[in-house]
S.K.: 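This is the structure, below, for whatever I ask next.
This one's a predicted model, so the numbers in the text were calculated from it and none came from an experiment. One-based numbering, in listed order, for ligands and for the atoms of each.
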Amino acid sequence: MTSDNLAPVTVIGLGSMGSALAKAFLEKGHRTTVWNRSPGKADDLVSQGAVRAATVAEAVAASELVVVCVLDYRAMREIVNSLGDAPSGRVIVNLTSGTPEEARETARWAAERGVDYVDGAIMAVPTMIGSEHTLIFYGGPQALYERHAASLSSVAGAGTYLGEDAGLPSLYDAALLGLMWTTWTGFMHSLALVGTEKVRAESFLPYAQDWFQHVVSPEVPNIAAQVDAGSYPDNDSTLGMQAVAIEHLVDASRAQGVDTALPEFLRERAEQAIKRGHAGDGFTALYEVLRKPAAE
Ligand SMILES: NC(=O)c1ccc[n+]([C@@H]2O[C@H](COP(=O)([O-])OP(=O)(O)OC[C@H]3O[C@@H](n4cnc5c(N)ncnc54)[C@H](OP(=O)(O)O)[C@@H]3O)[C@@H](O)[C@H]2O)c1
């Protein structure tokens, strides 16, 4: 059932993510118009009450808020370009993933055409869309975002506006993606190491979980505070001392026959920080190397 109190919404792009977005808008009661390059992907949504637009122009005409979620920025721009004239009185909220530069370029491209544009980055998989805990970052003109924030909260309760820079959502996205991949890869490397002695991952899991909870996570706020302060005091153990422990990790990995690339990377970055005079500082001094790598 659509509600007259809720703003109508158009969703362009009905892949896994676009379909989930359209479904969430529909379920919350928005009149939802949909368009997809391959029209068959709209069938399920139409059977649930969505309105099928025959053309992009028809889709854009149907609602002030136009959410686009397609494969990449190139596809997004092709779709908007196909309209010819800039859609007037419409706000495009682009939830297609990409890089900060692509987002900024697209915001400039939109501004040149007089298209109102907000960029966004979805920090979720399709099954999480519609939940109040799901996070989407937004960047672009504040007034545009605020005008549609209530509607956008239908797909992700934890919508967060980061500011006027359209590139920030993709930057936060990349940063969190990197955090996830490095954390998971570190865990898998530890499993590979103990796995050489036929230790099952599930047997090691409780120790890893305790390690995350009592050693890794509590240190995160300290790291943030030191990075903001630009000072890396040694809290109990110096980087010089920790570099020796990393050497053991490299040696143990080699001796056990598992991939040494990850610990070698850590050792090499620790050595760089030590060369720059941080041997007596804490582990957080590595931030200086990551922030500003040595010239090639
Ligand atoms: N799935 C996830 O877990 C997830 C999570 C976060 C962010 N995202 C981002 O969300 C976006 C969509 O992902 P998805 O999972 O929905 O991908 P998908 O299932 O592969 O769907 C891709 C969509 O893009 C459309 N498309 C591709 N090239 C096009 C073109 N040249 N012109 C018009 N339409 C075109 C496809 O249309 P056709 O149906 O006609 O091929 C389809 O609707 C991506 O940027 C992705 O990185 C996805």
Side-chain angles (χ1 to χ4, degrees), residues 9-27 32-48 50-60 62 65-84 87 90 92-107 109-110 115 117-140 152-160 162 166-181 184:
V9 179
T10 286
V11 178
I12 290 181
L14 301 174
S16 317
M17 187 53 89
S19 296
L21 294 168
K23 187 161 181 274
F25 279 125
L26 258 183
E27 284 175 353
T32 306
T33 302
V34 293
W35 180 88
N36 192 62
R37 180 180 61 177
S38 315
K41 285 196 187 157
D43 292 352
D44 277 356
L45 288 157
V46 169
S47 71
Q48 292 166 52
V51 179
R52 188 196 310 266
T55 62
V56 179
E58 203 178 297
V60 170
L65 174 59
V66 178
V67 173
V68 181
C69 187
V70 288
L71 188 64
D72 54 22
Y73 276 74
R74 183 200 296 221
M76 179 267 160
R77 283 158 71 150
E78 263 176 38
I79 292 168
V80 178
N81 265 336
S82 74
L83 288 167
R90 298 290 175 264
I92 292 182
V93 174
N94 183 21
L95 298 183
T96 301
S97 299
T99 66
E101 206 30 54
E102 279 178 310
R104 291 182 185 126
E105 231 178 83
T106 304
W109 170 89
V115 175
Y117 182 82
V118 172
D119 206 280
I122 302 175
M123 306 309 300
V125 292
T127 50
M128 292 161 70
I129 296 300
S131 153
E132 60 180 312
H133 303 294
T134 296
L135 173 63
I136 299 185
F137 291 123
Y138 295 98
L152 293 169
S153 72
S154 291
V155 289
T160 298
L162 297 176
L168 273 188
S170 302
L171 192 65
Y172 275 47
D173 183 355
L176 289 178
L177 188 71
L179 178 60
M180 185 175 80
W181 269 70
W184 285 351

S.K.: With a 3.5 Å cut-off and no angle check, do the side chains of Y117 and N94 form a donor-acceptor pair?
M.R.: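 Checked: Y117/N94 side chains pair up, N/O donor to acceptor below 3.5 Å.
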S.K.: In a simple table, one pair per line, please give the protein and ligand 1 atom names for every N or O pair closer than 3.5 Å, along with the distance.
M.R.:
from: ligand 1; atom 1: 16 (O); to: S16; atom 2: N; distance (Å): 3.1
from: ligand 1; atom 1: 16 (O); to: M17; atom 2: N; distance (Å): 2.8
from: ligand 1; atom 1: 19 (O); to: S16; atom 2: N; distance (Å): 2.9
from: ligand 1; atom 1: 19 (O); to: S16; atom 2: OG; distance (Å): 3.3
from: ligand 1; atom 1: 24 (O); to: L71; atom 2: N; distance (Å): 3.0
from: ligand 1; atom 1: 31 (N); to: R37; atom 2: NH1; distance (Å): 3.4
from: ligand 1; atom 1: 31 (N); to: E78; atom 2: OE1; distance (Å): 3.3
from: ligand 1; atom 1: 39 (O); to: N36; atom 2: ND2; distance (Å): 2.9
from: ligand 1; atom 1: 39 (O); to: K41; atom 2: NZ; distance (Å): 2.6
from: ligand 1; atom 1: 40 (O); to: R37; atom 2: NE; distance (Å): 3.0
from: ligand 1; atom 1: 40 (O); to: S38; atom 2: N; distance (Å): 3.0
from: ligand 1; atom 1: 40 (O); to: S38; atom 2: OG; distance (Å): 2.5
from: ligand 1; atom 1: 41 (O); to: R37; atom 2: NH2; distance (Å): 2.9
from: ligand 1; atom 1: 43 (O); to: L14; atom 2: N; distance (Å): 3.3
from: ligand 1; atom 1: 43 (O); to: G15; atom 2: N; distance (Å): 3.2
from: ligand 1; atom 1: 43 (O); to: N36; atom 2: OD1; distance (Å): 2.7
from: ligand 1; atom 1: 45 (O); to: V70; atom 2: O; distance (Å): 3.1
from: ligand 1; atom 1: 45 (O); to: L71; atom 2: O; distance (Å): 3.1
from: ligand 1; atom 1: 45 (O); to: S97; atom 2: N; distance (Å): 2.9
from: ligand 1; atom 1: 47 (O); to: S97; atom 2: OG; distance (Å): 3.1

S.K.: Salt bridge check, R77 against E105: does any charged N sit closer than 4.0 Å to a carboxylate O?
M.R.: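 Salt bridge between E105 and R77, a charged N being under 4.0 Å from a carboxylate O: yes.
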S.K.: Thinking salt bridges, do R52 and D43 make one under a 4.0 Å N-O criterion?
M.R.: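 So R52 pairs with D43 through a salt bridge.
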S.K.: Specify the closest pair of heavy atoms between S170 and D119, including all atoms of both residues, with the distance to one decimal.
M.R.: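 It is OG-OD1, 4.2 Å.
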S.K.: Check each of V9, V51, V11, L45 against T33 using the side chain to side chain contact (heavy atoms under 4.5 Å, CB included) test, and report the only one that passes.
M.R.: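 In the set V9, V51, V11, L45, the residue that makes a side chain to side chain contact (heavy atoms under 4.5 Å, CB included) with T33 is V51.
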S.K.: Heavy atoms only: give me the nearest S82-V56 pair and the separation to one decimal.
M.R.: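 Shortest heavy-atom separation between S82 and V56 comes out as OG-CG2, 4.1 Å.
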